[in-house]
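Report on the structure given below.
Side-chain atoms are counted along with the backbone in the values below, which use heavy atoms only and exclude waters and symmetry mates. Chain identifiers are assigned alphabetically (A, B, ...) following the order of the sequence lines, protein sequences preceding nucleic acid strands; residue numbering begins at 1 within each chain.
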Amino acid sequence: MASRFNALKADAVWQKVWDDARTFAADDNSPKPRSYVLEMFPYPSGKIHMGHVRNYTMGDVLARFRRMQGMEVLHPMGWDAFGMPAENAAMEKGVHPGGWTRDNIGVMKAQLKRLGFALDWSRELATCEPDYYGHEQALFLELFRHGLVYRKESSVNWDPVDMTVLANEQVIDGRGWRSGALVERRKLSQWFLKITDFADELLEGLSGLEHWPDKVRLMQENWIGRSQGLTFSFALSDGGSVEVFTTRPDTMFGASFVAVAADHPIAQALAADAPAAADFIALCKRGGTTAAELDTQEKLGFDTGLTATHPFDRTQRLPVYIANFVLMDYGTGAVFGVPAHDQRDLDFARKYDLRVRRVVSGGDETDPAFVGNTAYTGPGTLVNSHFLDGMDVTDAKRTVIQRAEGEGWGTGSTVFRLRDWGVSRQRYWGTPIPIIHCDACGAVPVPRDQLPVILPEDVSFDIPGNPLDRHPTWKHVPCPTCGADARRETDTLDTFVDSSWYFIRFASQPKDKPFDRGVAEKWLPVAQYIGGVEHAILHLLYARFWTRALRHIGMLDVAEPFAGLFTQGMVTHETYSRQVTETGSDGVDTITKPLWLSLDDIEKRGDGYIERATGEAVTVGRIEKMSKSKKNTVDPTGIVDQYGADATRWFMLSDSPPERDLPWSEAGIEGSWRFIQRLWRLFDGERLEESAAKNAELDRKLHQTIAGIAVDIEALAFNKAVAKLYELVNAIERAAPSGSRDTAIAALMRLIAPMAPHLAEEAWAAAGNDGLIADAAWPAVDPALLVEDEVTIAVQINGKLRDTLVMAKGTSSEALEAAALASDKIMRILEGKAPRKVIVVPDRLVNLVA
RNA sequence: GCGGACGUGGCGAAAUUGGUAGACGCACGGGACUUAAAAUCCCUCGCCCCUUGGGUGUGCGGGUUCGAGUCCCGCCGUCCGCACCA
């Protein structure tokens, strides 16, 4: 009688064996082909969640599979350990961010180990430790030395209560997400990295990333946002000039006004002595920035009284406005308005009654001069445009640019949407920016031998603001250049800097420098990177930039850090809620809102659920990403303790394609657990003696499965690999005892080893094999066994299936046609008539056209 | 508004890229074993009908083709990204 697989016991046994034997430590000097498999490292927020389990299981299957394929695999893990949540915890609970973070790392590391991931823990790193961020400071100074870092005044989202800068995504409806205070725009001196120097490279590089999802490449392309056009100047009536950028130089003759942003120097200068202009600028700044507001916001302008001279017609004077729809930080902060061919310009012109003149004809206007309230932005032929008349839009653009350059008043130019990367954060829990400010010498880099600049431990979070800034001693240091009293930079680096090079440090981590170039280049680029799509732009763009910057300064010869990228879907769950009413803030109105309930709060009653505590009916809501706020999370720890690591891993890989969301279900994990037990019964069952009979059909199924799931795993199509394994197991279970069956069971152990490694090791050892299955080779495929010798031929009449025939593979078209016409069913339907036409697809079908 | 993805049974999905739609799993239902339960095993399982058979079916409407889930045109819906980008 077969025993039951004791997952909890086996998990512990094999995890210890792997640990003790350092099974998954990567060897830098291995002669084998290398593969670097990496999942995005976690932020140590407290406990791991199902999303982590899914992410790391997928990477683990690939890593283990490639090991079995004979590769030297680097599969490391670490901690993205700096960030705001640690400071929030410090403020709320009175703990130190470092202690909180390191405690969380301890908990989460144990949880990851509990899942049996094939990780090289010897390379573990945490970005909050000086032996990581010290090297980051060195890299920052290298970029500084090469002119890729600069300091500039910039306007930021400032939370006046928390006294900190907020990222755009932390501003909700104009208020700080945490304090609820109205966010202010404030000018601050900030450090920037010159990512725009690499805008072209980063854009061009995308086309070489064949193993990236198209979606992510497109998102980065749009984010970088390259536009080509003409930059030129208008002469102004006050003797000055204003520079504008346009992508539509072809529409020059349709211009009827010039508009500048509220922050534009011309607007600012005017505001200095015209109160009305100042009022208008203030009005512009008050305008909301949310999508809905922008959509409905009226186009407003302030006439400066200045006029601009049209470069093609000196007699033509265009009014100059300050306008609320012109952005200072794109292009030159000034535009010329062509109402007929730009919707915003048209709205503006209609409001201020400016000239609307069509200069591009789409060809189908009944009245070529008429423009309604919809601007025409399509292709066409130039009209009303003197020497451009009759040209198409493309030719006209080229002609105008050539002429502008020839006459010296403008140049063809490229403008990017991408901005330089502001990396200053007024926070404690981050990498200190290694700069010292001296009144005499300016911003001086911290000398190499004084690195790392270590965060002081003795800080307090009882009042808002940056504890580094108010620390009694830390920031007071002598200037490294002149020795005078100077101050440390108290801003810390954006945590995206930490994650922009951790994959390099994983590959090589010498004590005395950020990485050893030769070793890092052995491993990089990462062969397969796996993580959430939420990092499609920021993290992945910054890491690409950082890698290219290191190449630019000659530190590392790698162009792209991640050769393959996979973005996995979220783990989702139903939500449960009960409506509650409460009195609004005015004390009169009542507000009805959902009170979210966790799975533990409810119990099944009939078709629905009731809340345990109150007995009230529960509304089953939509399936959403697991989140604390909706209380629809399932804790992986409880699941692993109940079903074991392998069943948990198996469920994560089953059914849903990995790029799609995975709906969590209790029934699903139970199904996986049953399958693990089913496998164990096979492994633990009776075997025949060596000489037993063959089963050709099962042999073929086995080899098709070996080949098939290798393809599926490489493509990260784990759900398909899982389905193929179910098919093989079904076939083995149905087969009578034979040598083939025993062979298939032995091979099956290795086939499931990447996914259910504990079960596989247990079975491998029980079967009397030496060594670990983790080190075993992937079963070899016999190509002769991949082909079927019989095929099922579909017989169609007019494309409708009428019969099927089992024929030898490779049967001639003539024989197939004859067999089809000889079928009883077919003869009955054709009633003796000959088909008009016969289409034969060998080994597939016969279609008779009646 | 711009850009993109997707839409297949009660559910998660598969379909060799134009060739037998629904593999595989979950759930439901029926049965075997058991005093009983659990576990396990077997069977049915898109929908409809006049049920050894037939009709119909991949969001909707057209089209191309001997043949369309797959290709083309037009709608509808869902989700994601960006957003006054000149």
Side-chain angles (χ1 to χ4, degrees), chain A residues 2 4 213-223 225-227 229-230 244-249 251 259 261 287 289-291 293-295 297-299 323-327 329-338 341-345 347-348 377 415-418 533-534 536-537 623 650-651 654-657 659-663 665-672 674-675 677-678 681 708 711 717 719-730 733 792-805 825 828 835-841 843-850:
Chain A
R4 184 172 266 223
D214 290 343
K215 176 185 171 166
V216 175
R217 289 197 286 182
L218 191 70
M219 281 165 74
Q220 292 217 353
E221 194 178 312
N222 292 338
W223 188 265
R226 177 162 67 186
S227 307
L230 173 71
V244 302
F245 170 75
T246 178
T247 56
R248 297 296 304 273
T251 61
T289 50
T290 65
E293 284 170 312
L294 289 174
D295 235 21
Q297 200 168 302
E298 206 179 358
K299 304 282 176 283
N324 63 346
F325 64 92
V326 181
L327 305 174
D329 56 4
Y330 185 78
T332 60
V335 299
F336 73 97
V338 184
H341 305 292
D342 181 289
Q343 192 58 48
R344 290 158 310 171
D345 294 349
D347 295 345
F348 190 79
T377 54
V415 162
F416 292 92
R417 203 189 82 104
L418 184 69
V533 74
E534 66 273 20
I537 296 175
I623 296 173
W650 189 265
F651 178 69
S654 305
D655 293 351
S656 282
E659 69 277 11
R660 243 180 267 180
D661 290 350
L662 173 76
S665 79
E666 202 69 22
I669 180 74
E670 274 167 20
S672 296
R674 281 202 299 271
F675 183 69
Q677 293 300 335
R678 223 172 118 195
R681 283 194 295 277
V711 170
N719 58 321
K720 292 194 219 170
V722 163
K724 288 191 175 83
L725 285 166
Y726 274 116
E727 282 190 60
L728 178 62
V729 168
N730 288 343
E733 284 178 342
T792 306
I793 304 293
V795 183
Q796 303 177 328
I797 294 179
N798 295 334
K800 275 190 206 297
L801 181 72
R802 294 299 172 177
D803 199 4
T804 58
L805 305 167
K825 285 182 186 170
R828 194 162 1 113
R836 283 195 291 122
K837 190 175 172 185
V838 180
I839 286 120
V840 181
V841 181
D843 294 335
R844 191 134 266 166
L845 61 75
V846 177
N847 189 14
L848 306 167
V849 186

Would you kindly give the NZ-to-C1' distance between Lys299(A) and A86(B), to the nearest whole Å? 12 Å
Across nucleotides 7-12 of chain B, 5' to 3', mark each nucleotide with B, S or - according to how protein heavy atoms within less than 4.0 Å reach it. -----B
Quick one: does Val849(A)'s side chain get under 4.5 Å of Arg836(A)'s, heavy atoms only? yes
5'-most contact on RNA chain B (nearest-nucleotide basis), Ala334(A) vs Lys837(A), goes to Lys837(A)
Counterpart base for U51(B), defined by Watson-Crick or G-U wobble contacts under 3.5 Å: none
What's the base orientation of G9(B): syn (chi within 90° of 0) or anti? syn
Taking U40(B), C84(B), U20(B) as options, the one with an atom nearest any side-chain atom of Arg344(A) is C84(B)
Just how far, in rounded Å, is C1' of G19(B) from CD1 of Ile793(A)? 11 Å
Relative to its sugar, using the 90° cut-off around 0, the base of U58(B) is anti
Counting side-chain heavy atoms from CB outward, which of U56(B), G3(B), C85(B) is closest to Leu218(A)? G3(B)
When you measure from the side chain of Ile839(A), which nucleotide among C66(B), C41(B), A86(B) comes out closest? C66(B)
Counterpart base for G7(B), defined by Watson-Crick or G-U wobble contacts under 3.5 Å: C76(B)
What distance, rounded to whole Å, do you find between the two P atoms, one in U16(B) and one in G53(B)? 29 Å
Across every strand shown, the nucleotide meeting Watson-Crick or G-U wobble geometry with A86(B) (both distances under 3.5 Å) is none
Let's test this: given Watson-Crick or G-U wobble pairing with both distances under 3.5 Å, identify the partner of C2(B). G81(B)
I'd like the C1' distance from C47(B) over to G62(B), given in whole Å. 25 Å
Any donor-acceptor pair under 3.5 Å joining the side chain of Lys215(A) to the base of C80(B)? no
Might you point out which heavy atoms bring Arg417(A) and Asn222(A) nearest each other, and give the distance in Å? NE-O, 3.5 Å
Identify which nucleotide among A83(B), A39(B), C66(B) has an atom closest to any side-chain atom of Asn847(A), counting heavy atoms from C-beta outward. C66(B)
In whole angstroms, the gap separating C1' of C79(B) from CD of Glu659(A) amounts to 14 Å
Whether Lys800(A) contacts U56(B) is assessed here as follows: a side-chain N or O lying under 4.0 Å from the phosphate OP1 or OP2. Is that the case? yes
Determine the Euclidean distance between corresponding C1' atoms of G46(B) and G12(B); express it in Å to zero decimal places. 16 Å
Whole angstrom is fine here: how far is it from NE2 in His341(A) over to P in A86(B)? 16 Å
Closest of U20(B), C85(B), A13(B) to the Leu327(A) side chain is C85(B)
Distance check, C1' atoms only: C33(B) and C42(B), in whole angstrom units. 11 Å
P spacing across the pair A68(B) / A21(B), given as an integer number of angstrom: 10 Å
A83(B) phosphate, OP1 or OP2: any side-chain N/O from Arg417(A) under 4.0 angstrom? yes
Taking atom C1' in both U65(B) and G10(B), compute the distance separating them and give it to the nearest angstrom. 35 Å
Could you measure between the two P atoms, the one in C82(B) and the one in G29(B), and give it in whole Å? 46 Å
Quantified in whole Å, what is the C1' atom distance between nucleotide U8(B) and nucleotide U78(B)? 15 Å
Phosphate-side-chain proximity, Arg674(A) and C26(B), N/O vs OP1/OP2 below 4.0 Å: yes
Nearest-angstrom distance from the residue atom CD of Glu534(A) to C1' of G81(B): 13 Å
Rounding to an integer number of Å, can you tell me how far Ile537(A) CD1 sits from C80(B) P? 15 Å
Any-strand Watson-Crick or G-U partner of C71(B), both distances under 3.5 Å: G63(B)
Phosphate oxygens OP1/OP2 of G25(B): is one of them under 4.0 Å from a side-chain N or O of Tyr726(A)? no
Pairing of Arg344(A) and Asp347(A) as salt bridge, 4.0 angstrom limit: no
Gap between atoms CD and P, on Glu670(A) and U40(B) respectively (whole Å): 10 Å
Under 4.0 Å protein heavy-atom contacts per nucleotide of nucleotides 43-54 of chain B, with B for base, S for backbone only and - for none: ------------
Across all strands, who's sitting opposite U35(B) as a Watson-Crick or G-U wobble pair, both distances under 3.5 Å? none
Given atom CZ of Phe416(A) and atom P of A86(B), what is their separation to the nearest angstrom? 13 Å
Candidate nucleotides A13(B), U40(B), G19(B), ranked by approach to the side chain of Gln796(A) - the nearest: G19(B)
Ser227(A) side-chain proximity, nearest of A86(B), G19(B), U40(B): A86(B)
Are Asn719(A) and A14(B) close enough that a side-chain N or O sits under 4.0 Å from OP1 or OP2? yes
Nearest-neighbour nucleotide for the Ala723(A) side chain, C24(B), G19(B), C85(B) considered: C24(B)
